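Since the structure comes first, as structure tokens, the remarks are kept for the end.
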Amino acid sequence: MMQGKTQRSIIGRWRRYAPALIVVMVVGAVIAFITAERWSFASAQGVAQQTASSRAVAGSSLLASELQKVRLLPLVLADYPDVQIALTAPTPDVISKLNARLELLATRTDAAAIYVVGANGVTIASSNWRLPTSFVGKNYGFRPYFYESERTGAAEQFALGTVSKRPGLYLARRTVTGGGVVVVKVEFDKIEDGWSHQSGPTLVRDENGVVVMANHARWRLRTTRPLTPEVQSRVKSTLQYGEGSPRPLAPELVLSDDAPLAKRDENRRYASTTLPVPVKGWTLTTLEPIDPALAAATAQMRVGGMAVVLVIVVVVGLFLRAREKRELSAAAQRELETQVFERTAELRGANERLLHESRERERNEARLNTAREELAQSNRLATLGQITAGVAHEINQPLTAIRTFAENASTLLDRKKPAEAAPNLSQIIALTERIGDITGELRMFVRRDRSPGPARLNDAVDGAMLLVGDRLRGSGITVERSGDIIDGLMVATDRVRAEQILINLLQNAADAVAEVPSPRIDIAVKAKAKHVEIRISDNGPGVGTAFRAKLFSPFFTRKADGLGLGLVISRDLAREVGGDLTYVPGPGGAEFLVKLVRA
């Protein structure tokens with residue numbers, strides 16, 4: 001009887017308080033849902049924004065690196081003697097020789113085209129002279145890059161090719177004598193192909209708001225904002241974007257200066273980052289879709305919401321059970337405890353299942369994060385492989401030397417001569433450090449933050465001799481080192497730069513004494529108060545008086561397969577750290593003087 005009355009009393013109170021309790025729970029659930037939705041979107045937007053920013057920085061650095069490789073070409077070619085001769089005395093032999101040289105440079109630098117335009121705007125020589133789309137004979141006097149470079153000395157312009165029908169960036173430079181213009185065309189197909197595998201769109205716009213690069217081909221040469229009548233008239237007269245005006249990119253893609261990009265046909269939301277690139281008026285924009293990150297954040301929110309609801313249910317249930325136990329009679333106590341135990345067991349099981357599901361979701365998220373990291377690492381390694389391909393030949397020589405020293409050490413150890421094997425092992429250690437210097441130089445080049453030395457001069461000389469020693473010994477060349485051989489003598493440059501200068505000079509000397517009986521190369525070091533002098537001389541035929549003035553001119557060489565840039569590069573490397581490289585006239589042989597600042 002008592003148990004029945006107590007239960008009816010509890011039910012009556014439940015009926016009175018239930019509506020208010022339900023209202024409170026519904027309001028709380030709505031507030032929690034709105035708060036969770038806002039948190040999920042903010043979290044997803046932050047993740048997408050960080051990804052877009054990282055991609056923007058990487059894309060801007062890659063584009064800057066590619067442009068830096070070719071911007072030196074017009075400057076060097078503007079002072080190239082063959083260009084001056086072709087502009088002033090364009091005989092068939094001179095034009096043919098210049099065409100061949102431009103073709104070789106375009107192949108080695110990956111430039112789309114290199115050509116020379118006369119003062120009348122007509123192309124006289126071009127790297128694509130063999131092709132049906134040759135620029136030779138074409139008039140480019142209407143192009144802004146031509147008349148701007150004629151007026152100011154240099155100009156850059158993005159345009160659609162009138163012959164090739166391919167877009168590209170034109171880098172123009174007026175020749176030293178002012179009789180014409182050297183133009184280098186750069187195309188960005190490789191960079192765009194690399195962007196095609198990214199998770200979101202990437203595009204580059206010029207000063208007119210026209211898309212000049214994009215990982216979606218259909219977006220290229222389409223404008224993101226209306227062109228003014230003045231701009232429309234100018235681009236039509238110069239054929240910058242072809243014969244017509246560029247079509248608008250909207251409504252497929254809408255860009256606003258104060259809002260993220262949105263793809264209207266799919267109604268997708270993006271986080272975006274815009275950075276400048278090293279071309280006047282150009283900007284790079286990356287877009288990262290928010291929806292994938294939002295889905296992950298929503299799933300995480302739902303798991304947390306379920307846990308909160310469960311906690312609330314457990315707290316309310318325990319509270320009611322406590323009141324029920326106090327009001328039940330002693331006769332109903334045992335039954336009530338049984339019911340509480342059973343229901344608690346059910347809650348415990350639900351708790352365990354929920355915990356299991358939560359842990360499973362955490363494991364899935366961990367696997368997803370690992371997969372993302374591996375994908376990012378693969379992408380970084382692929383990019384790094386493209387950058388380091390150019391220095392692979394520099395690493396090959398130390399690797400060959402390492403194998404030789406390792407074989408010598410193994411032989412000496414087999415002969416029970418560990419003391420004699422130790423120098424070989426030391427050389428292996430030094431060569432591995434040399435490889436580390438080369439790869440470190442590559443990293444500094446990518447970051448663009450290389451700073452000078454200091455470095456031990458003896459280490460640089462020893463490293464240079466280690467790399468070219470086999471060739472010198474194989475040619476029977478005697479190398480004599482003399483002067484101030486000071487172990488702690490330091491120079492204000494990095495070791496790789498110093499070795500590159502010495503190796504270039506030693507290789508030139510080796511070529512010079514190739515046909516000389518009893519060939520010899522002398523390396524003399526003299527330490528002065530503020531700098532160090534390194535003289536490298538040989539007993540070869542020397543440099544004729546007629547050629548001495550051209551020694552440090554770009555592309556001047558007497559070798560059949562040479563480019564004529566070794567001495568130019570070596571002198572520039574020395575001057576970058578406050579030193580210099582000069583030729584010292586003498587009665588016999590050739591002598592070069594390297595000056596480096598003491599550290």
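Only a predicted model underlies this, so the values are computations on that prediction, with no experimental measurement involved.
Atom OG1 in Thr285 sits 8.0 Å away from atom CG in Leu275 (nearest 0.5 Å). Taking CG of Leu72 as the start and CZ of Arg173 as the end, the distance is 10.0 Å to the nearest 0.5 Å. Put simply, CD on Gln198 and CG on Leu287 are 10.5 Å apart, with the number rounded to the nearest 0.5 Å. Here the OH-OH distance, from Tyr170 to Tyr140, works out to 6.5 Å after rounding to the nearest 0.5 Å. Glu187 contributes atom CD, which lies 4.0 Å from atom CZ of Arg166 (distance to the nearest 0.5 angstrom). Within the model, atoms CG of Asn99 and OG of Ser126 stand 7.0 Å from one another, a figure rounded to the nearest 0.5 Å.
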Please step through side chain to side chain donor-acceptor pair (under 3.5 Å) for the pair Ser570 and Gln500, ending with a clear verdict.
CA-CA 7 Å; Ser570 297; Gln500 185 175 356; over 6 Å; no
Go through the steps for Lys190 and Glu66 under the test side-chain contact (heavy atoms from CB on, under 4.5 Å), then give the verdict.
CA-CA 10 Å; Lys190 292 183 179 179; Glu66 291 298 322; over 6 Å; no
Before giving the answer on ring pair (Phe, Tyr, Trp, His ring centres under 6.0 Å), spell out for Tyr115 and Phe135 the whole-Å C-alpha distance, their side-chain angles and the decisive distance to 0.1 Å.
CA-CA 8 Å; Tyr115 52 103; Phe135 295 170; 4.9 Å; yes
Residues 239-250 side chain polar contacts: donor-acceptor under 3.5 Å, at least two apart:
| unit_1 | atom_1 | unit_2 | atom_2 | d |
| --- | --- | --- | --- | --- |
| Gln240 | NE2 | Phe158 | O | 3.0 |
| Tyr241 | OH | Asp206 | OD2 | 2.3 |
| Tyr241 | OH | Asn208 | ND2 | 3.0 |

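Across every non-hydrogen atom of Asn215 and Trp195, the tightest pair is ND2-O, 3.1 Å. A pairwise comparison of heavy atoms in Ala271 and Ile290 identifies N-CG1, 3.7 Å as the closest pair.
A salt bridge does not link Lys69 to Asp110: none of the charged side-chain nitrogens sits closer than 4.0 Å to a carboxylate oxygen. A salt bridge links Glu192 with Arg220: the closest approach of a Lys/Arg side-chain nitrogen to an acidic carboxylate oxygen falls below 4.0 angstrom.
Legend: residues meeting side-chain hydrogen bond (donor to acceptor under 3.5 Å, both in side chains) with Gln50, ordered by chain and number and at least two apart, are absent. Taking Arg174 as the reference, nothing meets the side-chain hydrogen bond (donor to acceptor under 3.5 Å, both in side chains) condition, with sequence neighbours excluded.
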